Amino acid sequence: MVWTRRAVLAGAGLAAVGAAAAGAGPLVPSARAAAAPDVDQLLATPGFVVAHRGGSRDWPEMSAFAYTSAAALGADALELSLSRTSDGVWFGLHDGTLDRTSGTQGFKASEHTWAEVASYRISPSTTRDRTQAKRPYARLEELLERWGGRRVLFVDPKAASARFHPELVAALRKVPSSQDWVVAKAPVDTTWWADAARREGWRSWGFFWAKDLDADPGLLARTAGAWDLLGMDVDAPDARWKQVLDLGAPVMAHVLTSSRQLERARALGAAGVMVSDLVAVLPARR
């Protein structure tokens with residue numbers, strides 16, 4: 001594939017109009033939509049916002065429509081989780097199956113071809129507007145062509161088998177200067193992904209949940225050093241936040257759905273936030 005530097009402003013504006021028409025709320029393309037920060041610029045942006053699954057409370061998650069709408073609304077970075085079909089197509093899917101997102105039963109992505117996956121649509125059942133249109137699943141190749149080098153991407157291999165991870169690394173490498181815009185994202189105990197990121201010159205984000213630290217007191221000491229950025233759930237106790245902040249790495253709050261949580265993240269000293277409800281949170285940031 002030849003990677004182009006196509007302009008995205010027109011598409012972002014159209015997406016904003018489309019999202020508003022779909023009932024997700026009035027979207028006004030921000031001046032920030034023209035920005036394409038690299039990771040260093042992102043980290044220098046106080047309170048930067050990462051669109052969780054493209055805004056999973058606002059639009060059918062990880063659809064191309066969701067990512068375009070999130071960028072139009074002013075998200076600084078985009079997060080995607082990936083699965084792989086039996087014929088080698090990587091695409092946006094948080095789970096190993098299509099069951100939650102498309103209402104199938106036992107439909108494992110790894111056991112089906114892309115043509116089979118593409119025959120389904122992502123439901124809006126977990127969004128604020130369940131009457132909006134369903135959306136197609138998005139191939140990684142499609143998302144990289146659109147956003148590679150234009151937005152920082154937080155990339156999580158999720159349920160894909162480890163034997164295929166070199167494929168994913170190779171796919172991300174295809175976009176020039178991947179070290180400037182890729183952040184390898186995963187739960188903190190997935191340290192192999194942080195190690196792979198370091199070899200590629202990418203940054204990495206490992207996220208904690210307070211409940212996991214409660215269950216495993218050694219988890220923080222055992223894993224935190226592998227990651228460049230750390231994460232803590234926004235409603236975790238202050239003591240847990242202090243414990244992670246004291247390590248000295250930038251800490252992101254996750255996963256935000258309200259302006260109240262944004263206020264808490266700011267008060268705690270979060271460097272940035274992972275947000276699923278962008279319509280609720282982004283206006284509060286501005």
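Heavy atoms only: backbone and side chains are in, while hydrogens, waters and symmetry mates are out. None of the values given here were measured: they were computed from a predicted structure.
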Is S204 close to K185 at the side-chain level, that is, under 4.5 Å between some pair of heavy atoms? no

Has the side chain of W59 got a donor or acceptor atom that lies under 3.5 Å from a matching backbone atom of Q132? no

State whether the side chain of S63 and the backbone N or O of A66 hold a donor-acceptor pair below 3.5 Å, judged by distance alone. yes

Determine, stepwise, if the pair W205 / E79 fulfils side chain to side chain contact (heavy atoms under 4.5 Å, CB included). CA-CA 11 Å; W205 179 54; E79 182 265 342; 5.8 Å; no

Is there a side-chain contact between M252 and V50, using heavy atoms and a 4.5 Å cut-off? yes

If the condition is side chain to side chain donor-acceptor pair (under 3.5 Å), which residues does Q243 pass it with, not counting sequence neighbours? R240

Listed by chain and number, what are the side chain to side chain donor-acceptor pair (under 3.5 Å) partners of T191, not counting sequence neighbours? none

Keeping R151 on the side-chain end and A75 on the backbone end, is there a donor-acceptor pair under 3.5 Å? yes

Contact summary for G269 and L245, nearest pair of heavy atoms: O-CD2, 4.0 Å

Can you say whether the rings of W193 and H165 are parallel (under 30°), tilted (30 to 60°) or perpendicular (over 60°)? tilted

Determine the interplanar angle of the F207 and W209 rings, folded into 0 to 90°, and report it as parallel if under 30°, tilted if 30 to 60°, perpendicular if over 60°. perpendicular

V155 vs W202 side-chain heavy atoms within contact, under 4.5 Å: no

Step by step, would you call D156 with R53 a salt bridge (charged side-chain N to carboxylate O under 4.0 Å, His left out)? CA-CA 10 Å; D156 190 338; R53 306 181 198 172; over 6 Å; no

Check for me, please, whether W147 and Y137 land in the same ILVMFWY cluster - side-chain distances under 4.5 Å, paths through other members count. no

Sort and list the pairs that fulfil salt bridge (Lys or Arg N to Asp or Glu O under 4.0 Å) and have at least one residue in residues 222-234, not counting sequence neighbours. D216-R222

For D195, all residues meeting side chain to side chain donor-acceptor pair (under 3.5 Å), sequence neighbours excluded: none

Of the non-hydrogen atoms in V275 and V255, which two are nearest, and what is the gap between them? C-CG1, 4.4 Å

Please confirm whether the backbone N or O of G55 pairs with a side-chain atom of Y67, one donor and one acceptor, at under 3.5 Å? no

Would you confirm whether D58, through its side chain, and L278, through its main-chain N or O, come within 3.5 Å as a donor-acceptor pair? yes

Is there a donor-acceptor pair under 3.5 Å between the side chain of R285 and the backbone N or O of V281? no

Going from CZ on R203 to CG on D180, what distance comes out if it is rounded to the nearest 0.5 angstrom? 8.0 Å

Just checking, is any N or O donor in the side chain of T113 or E116 under 3.5 Å from an acceptor N or O on the other one? yes

Residues at least two apart in sequence or cross-chain that pass side chain to side chain donor-acceptor pair (under 3.5 Å) with T104, listed by chain then number, are D99

Please confirm whether the backbone N or O of F208 pairs with a side-chain atom of H254, one donor and one acceptor, at under 3.5 Å? yes

Look up atom CG in D277 and atom CG in L256, then write down how far apart they are to the nearest 0.5 Å. 10.0 Å

Over 12 non-hydrogen atoms of neighbours within 6.0 angstrom of NZ in K108: no

Calculate, to the nearest 0.5 Å, the distance between atoms CD and CZ belonging to Q261 and R266 respectively. 13.0 Å

Straight-line distance of S125 OG to E61 CD, nearest 0.5 Å: 8.5 Å

Rounded to the nearest 0.5 Å, the CE atom of M62 sits from the OG1 atom of T101 at a distance of 8.0 Å

Reported CG-to-CG distance for the pair L144 and L80, which is rounded to 0.5 angstrom: 7.5 Å

Checking T85 side chain against V89 main chain: does a donor-acceptor pair fall under 3.5 Å? yes

Is a side-chain N or O of E145 found less than 3.5 angstrom from the main chain of E142, in a donor-acceptor match? no

side-chain contact (heavy atoms from CB on, under 4.5 Å) involving A109 - partner list, sequence neighbours excluded: S83, F91, L93, L98

Cut-off 3.5 Å, side chains only: do T97 and D95 have a donor facing an acceptor? no

Flag, side chain of T45 to backbone of Q41, donor-acceptor distance under 3.5 Å: yes

Going by distance alone, is a donor N or O of one side chain under 3.5 Å from an acceptor N or O of the other, for T127 and D129? no

